[in-house]
Novice: 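Handing you a structure now.
First listed ligand is number 1; within each ligand, the first listed atom is number 1.
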Amino acid sequence: MNQQLILVINCGSSSLKFSLICLSTKHTILTGLAECLGTPEAQLTIKKNGEKTKTGLVAPHNHRKAIENILTYLKEQQLDQSIIALGHRFVHGGEVYSAPTLINDQVIEKIEELSSLAPLHNPANLIGVDATQAAFPKLPQVAVFDTAFHQTMPEQAFLYAIPYELYTKHGIRRYGFHGTSHYFVAKEAAKILDKKFSAVNLITAHLGNGCSISAIKDGRSVDTSMGLTPLEGVAMGTRSGDIDPGLLLHLQQELGYTAEQLNQLLNKDSGLKGLSSLSNDCRALEDAVLKDNHPQATIALSVFCYRIAKTISSYIAALESLDGLVFTGGIGENSSFVRTQVVKRLSLLNIHLDEEKNEATRFGASGNIASPTSRPCLVIPTNEEWVIAEQTQQVLNKE
Ligand code: ADP
């Protein structure tokens, strides 16, 4: 077989997601997840042609072991020889990386330096590189950064109004995340709208467990709702999104919260989960509203949708024209309820839904769900793995 495959890796501190992608046939051959790494419950699930294989990992239950098992599986399936490179998702590229980069010792050192900006993510992403370098020593590995697409934001959008030195000395500024997703759906939207990517003006809403919204002018990100960390912006599954910074001082000074407790509160116990006291899962909250009229679930979803609509509307200041709004991510792709609640607040932007199309465009479907006289409102399933594979190949072609 002559196909050229790219193995895409998204490595967390206790999990490792992967996809094997064939760029020439535009086909995802298999996907998988190693989870509970670092514990005896560690297991590996591989999905190929709709069939799932689940196996426990023997000790040491670590990332290297998981990759060894994946390699054994790829050999059994006679796929290993067709892999030409690995593409790694990296969360933070700081201001150093605005494009995908071939990984070498120097790059690893630089990414380690950037870890202070993403202490939860970059070190975990590097564990993935270490494990895959051991298993695939001869293959090139490429880093694709979540922050890269937003490196085109102008100063007025990326600076916080705090002493400038904090930016120049410590890199404290807004970076934005979900860049590969915003880039992917913006490119797809340009095709649907029959516009050149370099001339398309969009607002893209990535609504999943994490949520971010971007303003895209002439194919470039000019503003986005996440900031120095993924905590800024709209409310999310368990993250608070924007709050009054004075609230942190109040919690510290009046209620004795420690840094660790604040982190837990704002990243893990807030958002849909915190407001509903029920779940961080949008589907569960919609069920609770529709079946039981659950008051806190109703409030949680109202706050969630209002803040999304408010952020979308604020990008009037970032854009001079708008070709359309795009929904993506688990909620954006599937929740006709959230889309209705958001778009009903956007009539000043002349965005109105065709409710039948809205209802019908779910579960992997894509298309324009706007009414005939409305500005386009597109639903586009994201595919971050595809972008990583494509950009990995582009780096190889350049080398
Ligand atoms: P992640 O950010 O972890 O990749 P996803 O993009 O998969 O997350 O999004 C997860 C969110 O999508 C959850 O809140 C889930 O409830 C929501 N979701 C998935 N399917 C539906 C659906 N059919 N209706 C409403 N919400 C959905």
Novice: Please list, in number order, the atoms of ligand 1 under 4.0 Å from a heavy atom of Glu286.
Specialist: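 Result: 25 (C).
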
Novice: Would atom 14 (O) of ligand 1 count as contacted, meaning some protein heavy atom under 4.0 Å?
Specialist: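 Yes, because at least one protein heavy atom sits under 4.0 Å from atom 14 (O) of ligand 1.
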
Novice: Below 4.0 angstrom from a heavy atom of Phe363, which ligand 1 atoms are there? Numbered from 1 as shown, please.
Specialist: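 Numbered from 1, ligand 1 contributes 23 (N).
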
Novice: Just need the protein heavy atom nearest to atom 21 (C) of ligand 1, so name the residue and atom and give the distance.
Specialist: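 So the nearest neighbour among protein heavy atoms is Asn334 CB, 3.5 Å.
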
Novice: Below 3.5 Å, N or O to N or O, backbone or side chain included: is there any such pair between Gly208 and ligand 1?
Specialist: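 Between Gly208 and ligand 1, no N or O pair is found under 3.5 Å apart.
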
Novice: Should you measure from each heavy atom of Gly210, which atoms of ligand 1 turn up under 4.0 Å away?
Specialist: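 So the atoms of ligand 1 that pass are 2 (O).
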
Novice: Testing the 3.5 Å rule here: is there a donor-acceptor pair between the side chains of Thr340 and Asn358?
Specialist: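 Checked: Thr340/Asn358 side chains pair up, N/O donor to acceptor below 3.5 Å.
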
Novice: For the CG atom on Leu247, are there more than 12 heavy atoms of other groups (residues, nucleotides or ligands in this structure) within a distance under 6.0 Å?
Specialist: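 Atom CG in Leu247 is crowded, with more than 12 foreign heavy atoms closer than 6.0 Å.
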
Novice: Check whether the side chains of Glu286 and Ser335 place a donor and an acceptor atom closer than 3.5 Å, and report yes or no.
Specialist: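 The answer is yes; a qualifying pair exists.
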
Novice: Do the side-chain N and O atoms of Glu359 and Ser336 include a donor-acceptor pair separated by under 3.5 angstrom?
Specialist: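 Present: a donor and an acceptor within the cut-off.
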
Novice: Step through the shown structure and confirm whether more than 12 heavy atoms of other residues, nucleotides or ligands are within 6.0 Å of CZ on Arg375.
Specialist: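 Yes, enclosed.
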
Novice: Does ligand 1 come near enough to Asp281 that some N or O of the ligand is less than 3.5 Å from an N or O of the residue?
Specialist: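 Yes: some nitrogen or oxygen of Asp281 is under 3.5 Å from one in ligand 1.
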
Novice: Side chains of Gln4 and Ser24: is there a donor and an acceptor less than 3.5 Å apart?
Specialist: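 No donor-acceptor contact under 3.5 Å links the two side chains.
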
Novice: Considering only non-hydrogen protein atoms, determine which one is nearest to atom 18 (N) of ligand 1 and report residue, atom name and distance to 0.1 Å.
Specialist: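 Residue, atom and distance for the closest contact: Gly330 O, 3.6 Å.
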
Novice: Using distance alone, determine whether Leu207 and ligand 1 share an N or O pair under 3.5 Å.
Specialist: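 Min N/O separation from ligand 1 is not below 3.5 Å for Leu207.
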
Novice: Can you tell me which residue and heavy atom of the protein come closest to atom 24 (N) of ligand 1, and the distance to 0.1 Å?
Specialist: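 Sorting protein heavy atoms by distance from atom 24 (N) of ligand 1 puts Arg283 CG, 3.7 Å first.
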
Novice: Does any donor atom in the side chain of Thr132 or His88 lie under 3.5 Å from an acceptor atom in the other side chain?
Specialist: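 Yes, a side-chain donor-acceptor pair sits under 3.5 Å.
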
Novice: Enumerate the atoms of ligand 1 whose separation from the nearest heavy atom of Ser335 is less than 4.0 angstrom.
Specialist: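 Near Ser335, meaning under 4.0 Å from one of its heavy atoms, ligand 1 has 25 (C).
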
Novice: Pairs of nitrogen or oxygen atoms closer than 3.5 Å, one from Asn209 and one from ligand 1: do any exist?
Specialist: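 There is such a contact, yes.
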
Novice: Under 6.0 Å between the ring centres of His92 and Tyr97?
Specialist: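 For His92 and Tyr97, the ring centres are not under 6.0 Å apart.
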
Novice: For atom 11 (C) of ligand 1, find the nearest protein heavy atom and state the residue, atom name and distance (0.1 Å precision).
Specialist: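 In this structure, atom 11 (C) of ligand 1 has Ile331 CG1, 3.7 Å as its nearest protein heavy atom.
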
Novice: If you measure only the distance, is there a donor-acceptor pair under 3.5 Å linking the side chains of His206 and Ser212?
Specialist: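 No, no side-chain donor-acceptor contact under 3.5 Å.
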
